[in-house]
Amino acid sequence: QEWQNPFATWDPQDLCNISEIVLPMDTYWSPPIFILERVSGQNPELNYMVLMHNGSFNSTRPFQVTLTCGLIILKFPFDTQTCNLSIASFLYPAVTDFVMKTRRTPPEIMKDSQSFFLTDGEWKFTNLSIIEYTERVDDKEFSVVTYMISMERRPTLYILNLILPTCALYLLDMAVLFGPSSLEEKINFQIAIILGSSMLAVILNNSLPTSSNKPPIIGTH
């Protein structure tokens, strides 16, 4: 966060060339912001800010939060998702008191974020866009900045553990059904295939996300 306070300025030459100082967050006014999609998280212990001689404040506070995000998993595990992270302040109206702006462009933020995000996890971040708008609440307009984060799932693990074994069982089922073996052998093979399919169904049920209105195609078949 960066903001200006014209009442907190000084000449560095008058104070031993001190151009900046570090102060606690409660020393001066700081922008109160909220994350709208936040469910839970840890508040940062770094409650300090840097004050420049020209009245510019700078506060870097790392947040670790859990957000809500509606998922569309119809194409699981080949799905792509877009989650929003909205930052707002409902204490000061946007028209007269408080307006939030992003300092950097989405490509710059995306480039810097690549060095912080895990690159070997289940998700791959593909795009980032920013929307700045005002939200009307109780006849007042408040400033909101929304980060739209697009990401796609890495399907390799699900292909190896679910899709390929399921296809192999179906092919084996077809081969046994139309094979020259006796009826008793076919029944034994069918029972074994049903048991294997049931085990895969249990694994699939534990692996599939549940926060979606429509079940994934792999789950319905």
Side-chain angles (χ1 to χ4, degrees), residues 1-15 17-72 80-118 123-152:
Q1 295 177 277
E2 289 187 0
W3 67 95
Q4 292 288 132
N5 188 341
F7 301 102
T9 60
W10 72 88
D11 189 352
Q13 296 181 356
D14 297 337
L15 299 173
N17 293 325
I18 298 176
S19 60
E20 64 179 41
I21 55 175
V22 179
L23 299 172
M25 291 292 296
D26 56 357
T27 305
Y28 280 90
W29 177 89
S30 59
I33 62 172
F34 310 93
I35 300 177
L36 303 185
E37 295 84 2
R38 176 173 176 174
V39 177
S40 62
Q42 299 178 356
N43 292 327
E45 297 181 356
L46 188 63
N47 295 321
Y48 292 91
M49 56 187 175
V50 178
L51 172 60
M52 305 294 294
H53 66 91
N54 58 358
S56 176
F57 284 83
N58 186 299
S59 174
T60 302
R61 309 178 68 191
F63 283 89
Q64 183 178 2
V65 298
T66 301
L67 307 178
T68 59
C69 181
L71 300 181
I72 303 176
T80 59
Q81 307 293 339
T82 300
C83 295
N84 295 339
L85 191 154
S86 301
I87 300 176
S89 177
F90 295 117
L91 298 181
Y92 301 96
V95 179
T96 57
D97 297 337
F98 189 81
V99 178
M100 292 191 298
K101 297 290 183 180
T102 56
R103 183 181 62 181
R104 293 176 294 177
T105 61
E108 293 175 345
I109 298 177
M110 189 65 186
K111 182 179 179 180
D112 294 339
S113 299
Q114 294 295 338
S115 59
F116 297 102
F117 294 146
L118 293 176
W123 295 96
K124 177 183 178 182
F125 290 88
T126 57
N127 190 27
L128 175 67
S129 58
I130 303 175
I131 302 177
E132 299 175 356
Y133 61 99
T134 56
E135 182 78 16
R136 178 174 291 273
V137 178
D138 295 335
D139 297 331
K140 293 183 180 180
E141 294 183 349
F142 300 93
S143 179
V144 182
V145 176
T146 298
Y147 295 85
M148 301 180 64
I149 304 172
S150 301
M151 51 191 176
E152 63 181 7

Which atom of F142 lies closest to which atom of V137, heavy atoms considered: CE1-O, 3.7 Å
Interatomic spacing from CD in Q81 to OG in S150 - rounded to 0.5 Å: 10.0 Å
Residue pair Q4 / S56: nearest heavy atoms and the distance that separates them: OE1-CB, 3.1 Å
Partner residues of T80 under the side chain to side chain donor-acceptor pair (under 3.5 Å) criterion, sequence neighbours left out: none
Interatomic distance, S143 atom OG to K101 atom NZ [nearest 0.5 angstrom]: 7.0 Å
Those residues that, when tested against W29, pass side chain to side chain donor-acceptor pair (under 3.5 Å) (two or more places apart): Y92
Under the side chain to side chain donor-acceptor pair (under 3.5 Å) test, residues paired with Y28 that sit two or more places apart: none
Ring geometry between F57 and W3 (parallel below 30°, tilted from 30 to 60°, perpendicular above 60°): parallel
Spacing of M49 atom CE and E2 atom CD [to the nearest 0.5 Å]: 13.5 Å
Any donor-acceptor N/O pair, S89 side chain to P32 backbone, under 3.5 Å: yes
Show the atom names and distances, to 0.1 Å, of all donor-acceptor pairs under 3.5 Å that link a side chain in residues 5-14 to residues at least two apart or in another chain.
from	atom 1	to	atom 2	distance (Å)
N5	OD1	F7	N	3.0
W10	NE1	I18	O	2.7
D11	OD1	Q13	N	3.2

Report, one line per pair, each donor and acceptor closer than 3.5 Å where one atom sits in a side chain of residues 127-134; sequence neighbours left out.
from	atom 1	to	atom 2	distance (Å)
E132	OE2	T102	N	3.0
E132	OE2	T102	OG1	2.8
Y133	OH	T146	OG1	3.2

Contacts of E152 that satisfy side chain to side chain donor-acceptor pair (under 3.5 Å) - sequence neighbours left out: none
